[in-house]
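The structure appears below as structure tokens.
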Amino acid sequence: MKVLGIETSCDETAIAVVEDGRKVLSTIVASSLALHKQYGGIVPEIATRHHVEVILAVLDKALKDASSGFHDIDVIAVTQGPGLIGSLMIGITLAKSLAMTIGKPIVTVDHILAHIFACSLDGGLPQFPFLGLVVSGGHTSLFIVYGFQKFKLLGRTRDDALGEAYDKVAKILGLGFPGGPVIENMALQAIRRDKNMFPIAKIKHSFDFSYSGLKTAVLYYVKERDTLSSQEVNEICYSFQESALYSLIPPLKNAISEFGLKRLVVGGGVAVNRRLRELLQELGVELHLPSFRYCMDNAAMVAGLGYWVYNENGDAGFQFGPYSTFEERWSLVH
Ligand code: KG4
Ligand code: ZN
């Protein structure tokens, strides 16, 4: 079964064709990131306009790369949320128009859950139940995952998301946007490696995370100094990254032991980070990570999860609109 996936929740206009939930036949991502750089973050209006401008060309290329025509597609999967409402609307409108025109069913996919199942693209599907951690620019959430749409939220960030903390610290240091890749690379070049420059957030009796204290500590550290040499900036990046990533470990360890779970799945943009991958390996559980290209926002993960959701729920019909937060869609047991 060929599923066409459409993802427009943020700045990426992405369309992919995936066969039977795992075999990626094509995956196209057109990002408007360059247009947002001067503002130091995503500007929703710019993202939405860019989706409108490029989405038909992206669709064309995704079908061509998959050597498919409209009538080879069996199901259309689209990200319903969470994300920017205007941006989501563009993908949803395309999905509905296509489904109506070619007479094929639609399924709606949650972006966060799609990040979790991205590890199964071109690879194996982890056995349920497992621990699922999503670390991206908008989310830092830990779940027990029982099925494709069955999960329990164990914890989430109380303030900034992990990727957002990378982006904000990069802004403080004048390193541009997005912050993740540049901070990771500068951290590798640090000569003095002091792990204790900044605090590691610890929230007692909870699986929650917090990054605003760490971000503020970096801000004050930088404000107290007139100038910073490039080596000092490398050292700040190193220490920030150590504190940010180490703060994930206690909740993960607690969840592994409290629920006796032996499998951990990690997804989202920050999952490309090599230092994070190193720390996760040390947990000694069966670790499932997406390949690098499926960590960042993409539509293959939407088509992939769409296949399983369609098998469970069938056609979603046309009576649905976008949602901006995860909480709006799912009644959460927290
Ligand atoms: O999943 P994603 O593409 O978009 C969201 O759904 O948010 O994640 C983007 C986030 C950004 O905050 C970016 O700084 C972060 O992922 N990121 C990284 C790295 N590459 C991207 N964070 C840490 N290390 C990286 N190498
Ligand atoms: Zn994402």
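Just so you know, these numbers use all the heavy atoms, side chains as well, and skip hydrogens, waters and symmetry mates. Ligands are counted one by one from 1 in listed order, and the atoms in each one are counted from 1 as well.
The backbone N or O of Asp194 sits less than 3.5 Å from a side-chain atom of Ser239, completing a donor-acceptor pair. A donor-acceptor pair under 3.5 Å is absent between the side-chain atoms of Asp60 and the main chain of Leu63, judged by distance alone. Not a single donor-acceptor pair under 3.5 Å links the side chain of Glu12 to the backbone N or O of Ala30. Using a distance-only test at 3.5 Å, with no hydrogens or angles considered, no donor-acceptor pair links the side chain of Thr79 to the main chain of Glu7.
Using a 4.0 Å cut-off between charged nitrogen and carboxylate oxygen, Glu242 and Arg275 count as a salt-bridge pair. Under a 4.0 Å N-O distance rule, the pair Glu184/Arg274 qualifies as a salt bridge. The pair Asp74-Lys2 does not meet the salt-bridge criterion, since no charged nitrogen lies less than 4.0 angstrom from a carboxylate oxygen.
Put simply, His139 stays out of reach of the Zn ion (ligand 2), with no N, O or S atom under 2.8 Å from it.
Of the N or O atoms in Met296, none lie within a sub-3.5 Å distance of an N or O in ligand 1. The shortest N or O to N or O distance between Glu12 and ligand 1 is not below 3.5 Å.
When each atom of ligand 1 is checked for a heavy atom of His111 under 4.0 Å away, the hits are 6 (O). Remark: ligand 1 atoms within the under-4.0 Å shell around heavy atoms of Gly138 are 7 (O). For ligand 1, the atoms closer than 4.0 angstrom to any heavy atom of Pro178 are 14 (O). The Val272 neighbourhood of ligand 1 comprises atoms 19 (C), 20 (N), 25 (C), 26 (N), with distances under 4.0 Å to a heavy atom of that residue. Each of the atoms 19 (C), 20 (N), 21 (C), 25 (C), 26 (N) of ligand 1 lies under 4.0 Å from some heavy atom of Pro181. Heavy-atom proximity to Gly179, at under 4.0 Å, picks out these atoms of ligand 1: 14 (O).
Ligand 1 is never approached by Arg274 to a heavy-atom distance shorter than 4.0 Å. The shortest heavy-atom distance from Cys10 to ligand 1 is not under 4.0 Å. Within the 4.0 Å heavy-atom shell around ligand 1 one finds His115.
With the Zn ion (ligand 2) as the vertex, NE2 of His115 and OD1 of Asp297 span 100° to the nearest 10°.
Ranking the protein heavy atoms by distance from atom 15 (C) of ligand 1 puts Val270 CG2, 4.1 Å first. Nearest protein heavy-atom neighbour of atom 3 (O) of ligand 1: Asp297 N, 3.1 Å. The single protein non-hydrogen atom nearest to atom 10 (C) of ligand 1 is Gly137 N, 3.5 Å, given as residue, atom name and distance. Atom 25 (C) of ligand 1 has Gly180 C, 3.5 Å as its closest protein atom, hydrogens excluded (heavy atom only). When only non-hydrogen protein atoms are considered, atom 24 (N) of ligand 1 lies nearest to Asn273 ND2, 3.0 Å. In terms of protein heavy atoms, atom 8 (O) of ligand 1 is closest to Gly269 CA, 3.4 Å. Scanning the protein for heavy atoms near atom 13 (C) of ligand 1, the closest one is Asp167 OD1, 3.8 Å. Among protein heavy atoms, the minimum distance from atom 26 (N) of ligand 1 is reached at Glu184 OE1, 2.7 Å.
Under the 6.0 Å distance and 45° angle rule, Arg329 does not count as a cation-pi partner of Phe326. The side-chain tip of Lys96 points at the ring of Phe320 from less than 6.0 angstrom away and within 45° of straight on.
With Leu162 as reference, Val135 is the one residue of Val134, Val135, Thr157, Leu133 to meet the side chain to side chain contact (heavy atoms under 4.5 Å, CB included) rule.
Distance OG/Ser210 to CG/Asp160: 8.0 Å, rounded to 0.5 Å.
Aromatic pair Phe130/Phe128: centroids less than 6.0 angstrom apart. Taking the six-membered ring for Trp, Phe151 and Tyr146 have ring centres at least 6.0 Å apart.
Taking each of Ala114, Ala165, Ser9, Ser136 in turn, the one with a heavy atom nearest to atom 5 (C) of ligand 1 proves to be Ser136.
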